[in-house]
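Below is one structure, written out as structure tokens; the observations come after it.
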Amino acid sequence: MTDYEWFARPVDYEARRPVNLEEANDHPLKPVTVTVMDGRSAIRRGTLRSTTSTSSSTRTPTPTQTTVPVNIGSIADPLSSHSSLDGSDPLTQFVREEMDPLSKMASDEWDYSANANAVGRKAKDKLDEIVEPWAARKALVLNKYTTLEKLSIVTSFLPGGEKVIMKVQPSGSLVDKVKTRLEQLDDFEDGSVRQMHGLSQQEYMARIEQLNNELVNAWHSDHRVKALKIAIQCAKLLVDTSVISFYPSKYVLVTDILDIFGKLVYERLKVKAEYIKPGSKTPTSLPDNFTPDMVPENAKETCQNWFYKIASIRELVPRLYVEMAIIKSYSFLTTSEFSTILMRLTRMIRGIGDPLVAVYARCYLCRVGFALKTSDLDFVKENFYDFLYAYKQLFSTSVKGDLLKQNLCLHSYLNLYTPALDWILQVMAATASENLLNEVLLRCKQQPNSALLLNTILTSFKPIYIVSRAMEFVNLIETCQDNGYPQYLLYRSLGECLIKESPPKEDCQHILNTVWKYMKGLNNYTRFMHVMEVWIQFTCIHFSASEINLFLGEIINQLGPSRAFEHFYPQLQNIAEKIVANTQDFDSLLTMDNFLPLIDLFQKESIKVEVCKTVVEGLSKQSSPIVDPIMINALMFIMRIMHDSVSALTVEDEKRQIGQLICGLILRVDYGRDFEKQLNFYVEARAAFHNLDSVHMQLVQCVNRLSVDTRKIVRGHHTRRTSAFVRACAAFCFITIPSLTLVHTRLQLYLLSGQVALLNQCYGQADSCFKAALSLVPEMPKNFDIDGRSKSTEPYLLTYLSNFLSTLLVVPDSPEHGVLYLMRGLLNVVQRYFVEDTATKSHLYLRVLDLLSTVTQETYPYHVDKVDSNDKLYGSDQKFIIEVNKICSKVMEELLNHLKNLGEADQLKKQSALALALFERMILRADLTDSSLSHVAVNLWNLSQKHDTVNSKLRLTTLEYMVRKSHLPQFQHFAEMLKKMSK
């Protein structure tokens, strides 16, 4: 027996004043805003109020008012707080910051437009939005045009290689001496050449990068002539076509160096052009929009010297490339002659004999000319027409002989022209009208073997111009018959245009029939997939599921028997993604004959799972319920593939992603009012997805919701059939929860499932869930690992058990067990889990006192509909109340012992806080007319005030409450207590 016995005070909950509720006009978490008045110097100060409140919502702000959002907490968005990111994500910005200055210089786009006039600049700004930047194409070129052949490089600025002596014969005359000095620009240092043979592609690229570094180092060491020589030698590399398949990539690497050289020259001239304003000692830089008349004569002279040196280069190709590289520097001399200069260089390129070298020189000229942002782009058209003039040379006997030596087919050779041609024609067609397309198309038709030109037109002109002539292009492609450039590439290019812009409806069927006939006749799997990859998207956009099913069937027939699909996984994956992205009718897609067999073609598990994810993600974007049984079976097939890929080695993020996708689909499966089928589906899903805890958690939630929906339909009055059904739902949850890994998840679901079972008057099932939850509490780990940090589980457990206690109030006692058997079980669990006295244990005991004091009341403050709680079962029976008071006395004894231990441990602040908390429970819950209890309460008050650690405001509030209550007849004993407390 305890020294003090607890007696609960009766409370009339129904007599309490109800809370006044009123409708809110604003969301309480809506960001607060401030209205700033610009018309006056004074700003209203005071409490911030939302501008959407009742008082201000009807007020229209005047033009001088500015609504400023207030950022509560000042939490900065990490992705938007840095203005220096230039639209890139933080990781990209970090990588760029880690780049060396040379690589950063090469990766940056150079603005050539410093001196462009306003009209030309506006026109060019529009072009920038249309023309794809060359920088975006470089990576594609480097990845596509590779080689396994051995390469060579000739230079005098890198160590290694074979040394070749080159002597320049001196001459006696003055003219010859000047000529000799100028020709030295073409010669190598010390009259020697280092020629490196047998380089792999990676080694060659490394050597080019070394030359890049040498050029920049020479420049910054004031060795300008050496830097120029390196630029010249780099340009000379573009004459070499000994490994012709690598030429486009070589062009990209070399022109990057020339771009850097051009930047260095321009920036140097701009420094030379600095001037000192009258009355100032600090040099002033030229503005960005400077004109030649602002440039000092010495800077102009230096600029002219650069062009004189370049004009003295003997060989045409390096002379052209180096002048094109520094073409922006002409802006120090003139602003009106760029068109003349560009046209002159265009005509000089006619002297290059090799058509491949010539077309890339034209591409570079168009690049630098386009970057000048001049409004006159006639030089681009001139370059393209010059190429057409020499187009026959591509099919000449000499070219065929070179290709034979290098073991290169004509198709591969013509494909080397596409990066340069596409760029030239894209710039040419950027702002052109349809008339230019007619003009270009007419000229191209006049050329024999025009497939390459036709492909360039399809990829360069606006798709809206192409689709209006779709049938004309189809007929042109039919007549090409693989004359050098493959026909399948033309069909693919046409398909890409028709995807971007829709052709006339009356043409769609004829176009598809023509392409279908062509694809059916293809025996080459690579060509078949190359065309199919594009045209199946066209079919998805313009045709029904039957045509899509026909295309998929052809893929399976072509690739299935020979297992050729193993070589085309990327293309097949792309096809699946396009179908999913462009279909709106997933019911037809998943129920068609050939879609699931297409997924079966993916024998590699990782790719197959990615395809299934794509399908599920596409379906997840829709919100309509899934009701078709055939579609549900198809989805189960796809979800099983995803689930079966999960193993012990699967990373948690992958499990989470797959689990979320499966859960999203499970939530959408809806059998309507046929709840038994719905439950059977959940049972089947539980068996199918046994590896994923997240799916099992979702299934428990779904079944609980199903049980609640059943109750809603019968309005709480269960029949024999519905009672059996909700018991089956409860059994499903009870069986499923133990399979989960995390203890705290099981605890939450046991409590939830028990509450739902109680709501449906399934008392046995509810008791089982509650007992299972209590038996699980001792397994709760002492710490959680959250984001790599160990945190105590006691705060979580306190919240959970408090919720559990609130539920126990309405749970009726079982006739087979004693009074409050679940409460007694909870107290035993608390004793076992908390071996030592802790703050959490004390808080739990305080809340137990709250519950037990409420249990003794004649009427409980809340109930579950159609569930008789203990207030009705016991009817405030005196024996029941005595049993409850005994438990309360035992709990109070535990708390008093904890107070004593805190005092012995000198934890005086905690002791005062706990003493006050227990005192508050006693004046609220206990019957203090009992002198012994009253004496304990006074001692607790004195103990709480002993060390002066309790908040004074809380102390005053407590005293005011007791004073106010002491005027009531039933609380007259408070007056006597207040006298003792004031001593």
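Along the sequence shown, the residues carry numbers beginning at 1. The structure presented is a predicted model; accordingly, all values stated were derived computationally and were not measured.
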For this session: List the steps, then state whether side chain to side chain contact (heavy atoms under 4.5 Å, CB included) holds for V611 with L598.
Result: CA-CA 10 Å; V611 172; L598 175 72; over 6 Å; no
Whether the [X] and [Y] side chains hold a donor-acceptor pair (N or O, under 3.5 Å, no angle test) is what I'd like checked.
X	Y	result
T456	Y485	no
Y251	D256	no
Y525	Q571	no
S493	E496	no
Q657	K613	yes
Q406	D402	no

Exercise. Nearest heavy-atom pair of K236 and P318: which atoms, and what distance?
Worked result: CG-CG, 3.8 Å
Does the distance from a Lys or Arg side-chain N to an Asp or Glu carboxylate O, for [X] and [Y], drop under 4.0 Å?
X	Y	result
E472	K445	yes
R469	E434	yes
K250	D240	yes

Exercise. Between atom SG of C366 and atom NZ of K381, what is the distance when rounded to the nearest 0.5 Å?
Worked result: 13.0 Å
Exercise. Within a strict 4.5 Å, meaning less than it, do heavy atoms of the Q558 and M532 side chains meet?
Worked result: no
